[in-house]
Asks: 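Before anything else, here's the structure in question.
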There are 2 protein chains.
Amino acid sequence: MQSRTRSTRAGRPRSATADAAILAATRAALVELGWSRLTLGDVATRAGVAKTTLYRRWAGKNELVVDAVAELFDELRLPDHGSLTADIEGVVLQFAAILDRPEARSGLMAVVAESTRDEALRERIRISIVDRQKRLVLEGRARAQSRGELPPEPAPEEAARTADLIFDMVAGAVVHRTLISAEPADEQWVRGFTRILLTGLAAHSPSGGPSLLEELGGI
Amino acid sequence: MQSRTRSTRAGRPRSATADAAILAATRAALVELGWSRLTLGDVATRAGVAKTTLYRRWAGKNELVVDAVAELFDELRLPDHGSLTADIEGVVLQFAAILDRPEARSGLMAVVAESTRDEALRERIRISIVDRQKRLVLEGRARAQSRGELPPEPAPEEAARTADLIFDMVAGAVVHRTLISAEPADEQWVRGFTRILLTGLAAHSPSGGPSLLEELGGI
DNA sequence: CGCTTTCGATACGACCCGTAGCGTAATGGC
DNA sequence: GCCATTACGCTACGGGTCGTATCGAAAGCG
C-alpha cells in the first residue's frame with residue numbers, strides 16, 4: 001500500500017517555484033508569440049529552467065497551456081449585487097475582462113481546438129476551466145430562487161439540463177462576442193445581453209411597449 | 001491601365017481543379033490529423049500537387065484552413081417553416097450539423113485562435129465565414145417582423161446592435177455547446193434554447209405558470 | 001511560333017521536437 | 001553523517017517540418 005503519504009517519498013522534491021515560473025513564462029510567451037509560434041524551449045528559457053524539467057511535468061504544449069490559462073479563471077467570483085440582473089451583469093463583465101487578456105484569447109481557443117481530437121485533454125479543460133465557471137451558474141440560480149426572481153426547480157433532471165443550457169448561452173455569447181466577432185463585451189453590450197436572456201427576444205421593446213409574447217406561449 | 005480583364009492575362013492559367021483538390025485534401029487531413037499535425041507537405045501530396053503550388057496560392061496554413069472550412073458553411077440556409085420559433089430551430093440545427101463534422105471542429109477553433117494575433121486573418125474569417133451567418137439573423141428578423149412576431153425596429157442604430165447581439169447569442173451558444181461542453185446540440189437542446197431565447201429565462205416555467213417577469217421591468 | 005505564367009520536382013539551411021545521457025543538487029530514511 | 005532516491009541543469013542527437021530557390025517542362029495567348 002501507499003500508506004506513507006505519497007508526497008513525502010524519498011528524493012529531492014520538485015521545486016514549487018519552478019511550477020509558478022513556468023506557467024507565468026507560458027503566459028508571457030502566449031502574449032508575445034501566440035499559440036503557434038510558442039515553443040517549449042523558449043518557455044523553459046524564460047522560466048530559467050531546463051527544457052527537460054518542463055517535459056517531466058507536462059506531457060506537451062497542450063497540457064501546459066491549459067494549466068497556464070486555467071489560472072486566469074481563478075479570480076472568477078459570483079458577486080452579490082442584490083438582484084439577478086446585477087449578478088449576471090457582474091459575472092459576465094468579469095468573464096469578459098479575462099477574455100480581454102491576450103494570453104487568454106489565443107491560448108484558450110487553441111487548446112479547445114486541440115481538445116476536439118483528444119479526449120484526455122478535453123477532460124483536463126473541463127475540470128480545470130469549464131466546471132469552475134459552471135458552478136457560478138448553479139450558485140446564481142440558487143440565489144435568485146431564494147430571492148423569488150426565478151421559479152423553483154420543477155424536476156431535478158430538468159433543472160440540470162436548464163443549468164447546462166444557461167451556461168452555454170452565457171459563456172458562449174461572451175466568447176463569441178470577444179473572440180469571433182472581435183468586439184468588446186462592454187457594459188452596454190452586457191446590459192443588452194442580460195435583458196434578452198432574462199426577458200426574451202420577443203419581449204424586447206426598448207420603449208417598453210407590450211410585446212407579442214402571448215403568441216409564443218405554446219410551442 | 002489594366003483595361004484587359006485581369007483574369008485573362010497572358011500565360012498559363014491556374015488550374016481550377018487544383019484549388020478544389022487542395023481544399024478537399026485539407027479537409028481530409030483535418031479529419032485524420034487535426035490542426036496541429038496537419039502539414040502543408042502532406043496536403044500537397046494528398047491533392048496530387050507540388051508543395052510549391054500550394055505556397056503560390058496561400059500564404060500559409062491559417063489562410064488555407066480558413067478557405068477549406070469556409071466551404072462547409074456554404075450550405076447554410078434560412079428555412080421558412082412558418083414561424084420564428086421553427087425558423088430558429090431549423091437554422092440552429094443546420095449550424096449544429098456543420099459543427100458536428102470533425103473538419104469543422106478542429107479547423108474552425110484553430111483559425112480563430114490564430115486570428116487573435118493576426119488582423120488580416122480576422123478579416124478573412126469575418127468575410128468568408130462570419131458575415132454569411134450574420135446575414136441569416138437579419139433575414140430571420142425581417143421575416144418575423146413581417147409576420148408580426150417581433151416588434152418593428154425602433155432606431156436603425158439600435159436595430160444593428162440588437163442583431164449583432166442575437167447573432168453572438170445564437171452562434172455562441174451552439175459553438176460553446178458542441179465544442180467546449182462537448183455535448184450534442186440535438187433537437188431537445190435546440191428546443192430549450194429557442195424557448196429561452198424568445199421568452200426569456202425569468203418566464204421559463206415548464207408547467208406554464210405565470211412568471212415573475214414584472215419584477216424585472218426596469219433595470 | 002514567341003511570350004508569359006504556372007506547374008512539378010528537387011534540394012537546401014534553419015528551426016523545433018522529444019529523448020537520452022551524465023554529473024550534480026536536494027531531500028528522507030537509517 | 002551516510003546512503004538511496006528523486007529532481008535538476010546541461011549537452012547532444014536523429015527526425016521532421018518549414019519556407020524558399022532553382023530549373024526544365026507544360027499550357028494558354030496573340
Side-chain angles (χ1 to χ4, degrees), chain A residues 1-26 29-30 32-65 106 110-111 114 117-118 120-121, chain B residues 1-26 29-30 32-65 106 110-111 114 117-118 120-121:
Chain A
M1 312 301 185
Q2 52 213 4
S3 60
R4 55 189 69 238
T5 53
R6 183 179 294 141
S7 62
T8 174
R9 61 184 174 190
R12 175 177 178 176
R14 287 190 170 177
S15 165
T17 64
D19 264 16
I22 291 173
L23 292 178
T26 303
L30 273 177
E32 291 185 22
L33 307 172
W35 163 267
S36 58
R37 297 183 186 180
L38 180 148
T39 70
L40 296 194
D42 182 49
V43 170
T45 303
R46 290 171 186 259
V49 297
K51 194 171 63 167
T52 47
T53 299
L54 218 154
Y55 276 100
R56 287 192 194 97
R57 309 192 182 195
W58 285 277
K61 195 168 161 179
N62 295 333
E63 290 77 8
L64 174 63
V65 172
S106 50
V111 295
E114 292 300 313
R117 315 206 88 254
D118 187 338
L121 184 62
Chain B
M1 316 297 186
Q2 49 212 4
S3 61
R4 56 188 68 232
T5 52
R6 182 179 294 140
S7 64
T8 172
R9 62 187 175 188
R12 176 177 177 174
R14 286 189 171 178
S15 166
T17 64
D19 265 17
I22 291 173
L23 293 178
T26 303
L30 274 177
E32 290 184 22
L33 307 173
W35 163 267
S36 58
R37 298 183 184 178
L38 180 148
T39 71
L40 295 194
D42 183 49
V43 169
T45 303
R46 289 171 188 259
V49 171
K51 194 172 61 168
T52 47
T53 299
L54 217 155
Y55 276 100
R56 285 194 198 95
R57 307 191 183 194
W58 284 277
K61 195 168 160 177
N62 295 333
E63 290 75 9
L64 174 63
V65 172
S106 50
V111 293
E114 293 301 312
R117 315 205 88 255
D118 187 340
L121 184 62

Asks: Heavy-atom distance under 4.5 Å between the side chains of A:Asp19 and A:Arg57, does that happen here?
Replies: yes
Asks: Nearest-Å distance, CG (B:Leu54) to C1' (C:dT6)?
Replies: 14 Å
Asks: In this structure, how many angstroms lie between the C1' atom of C:dG18 and the CG atom of A:Asn62, rounded?
Replies: 14 Å
Asks: About how many Å separate CD1 of B:Ile22 and CG of B:Leu64, when rounded to the nearest 0.5 Å?
Replies: 7.5 Å
Asks: Which atom names give the shortest non-hydrogen contact between A:Lys51 and A:Gly41, and what distance separates them?
Replies: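 That would be CD-CA, 3.9 Å.
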Asks: For nucleotides 1-6 of chain D, which of its nitrogen or oxygen atoms have a protein nitrogen or oxygen under 3.5 Å away, and what is each distance?
Replies:
unit_1	atom_1	unit_2	atom_2	d
D:dT6	O2	A:Arg12	N	3.0

Asks: Check A:Asn62 against A:Val111 and note the closest heavy-atom contact, atom names and distance.
Replies: O-CG1, 3.9 Å
Asks: Can you name the closest pair of heavy atoms from B:Ser15 and B:Ala18 and give their distance?
Replies: OG-N, 3.1 Å
Asks: Quick check: do B:Arg117 and A:Arg37 have side-chain heavy atoms less than 4.5 Å from each other?
Replies: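 No, their side chains stay 4.5 Å or more apart.
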Asks: Enter the distance from B:Leu38:CG to B:Ser106:OG here, rounded to the nearest 0.5 Å.
Replies: 8.5 Å
Asks: Locate the shortest heavy-atom distance separating B:Leu33 from B:Asp42; write the atom from each residue and the value.
Replies: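 Residues B:Leu33 and B:Asp42, closest heavy atoms: CD1-OD2, 3.4 Å.
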Asks: Heavy atoms, side chains only, cut-off 4.5 Å: are A:Trp58 and A:Leu40 in contact?
Replies: no
Asks: For DNA chain D, please output the secondary structure as dot-bracket, reading 5' to 3'. Pairs are Watson-Crick or G-U wobble, both atom distances under 3.5 Å; mark crossing pairs with [ ], other-strand partners with |, unpaired with a dot.
Replies: ||||||||||||||||||||||||||||||
Asks: Within the 4.0 Å limit for protein heavy atoms, which parts of nucleotides 17-23 of chain D are touched? Write it as a string from 5' to 3', B for base, S for sugar-phosphate only, - for none.
Replies: SSBBB--
Asks: Please give, in whole Å, the distance from C:dG18 C1' to A:Glu63 CD?
Replies: 14 Å
Asks: Working to the nearest 0.5 angstrom, can you tell me the gap between A:Thr39 OG1 and A:Lys61 NZ?
Replies: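 The NZ atom of A:Lys61 is 8.0 Å from OG1 of A:Thr39, to the nearest 0.5 Å.
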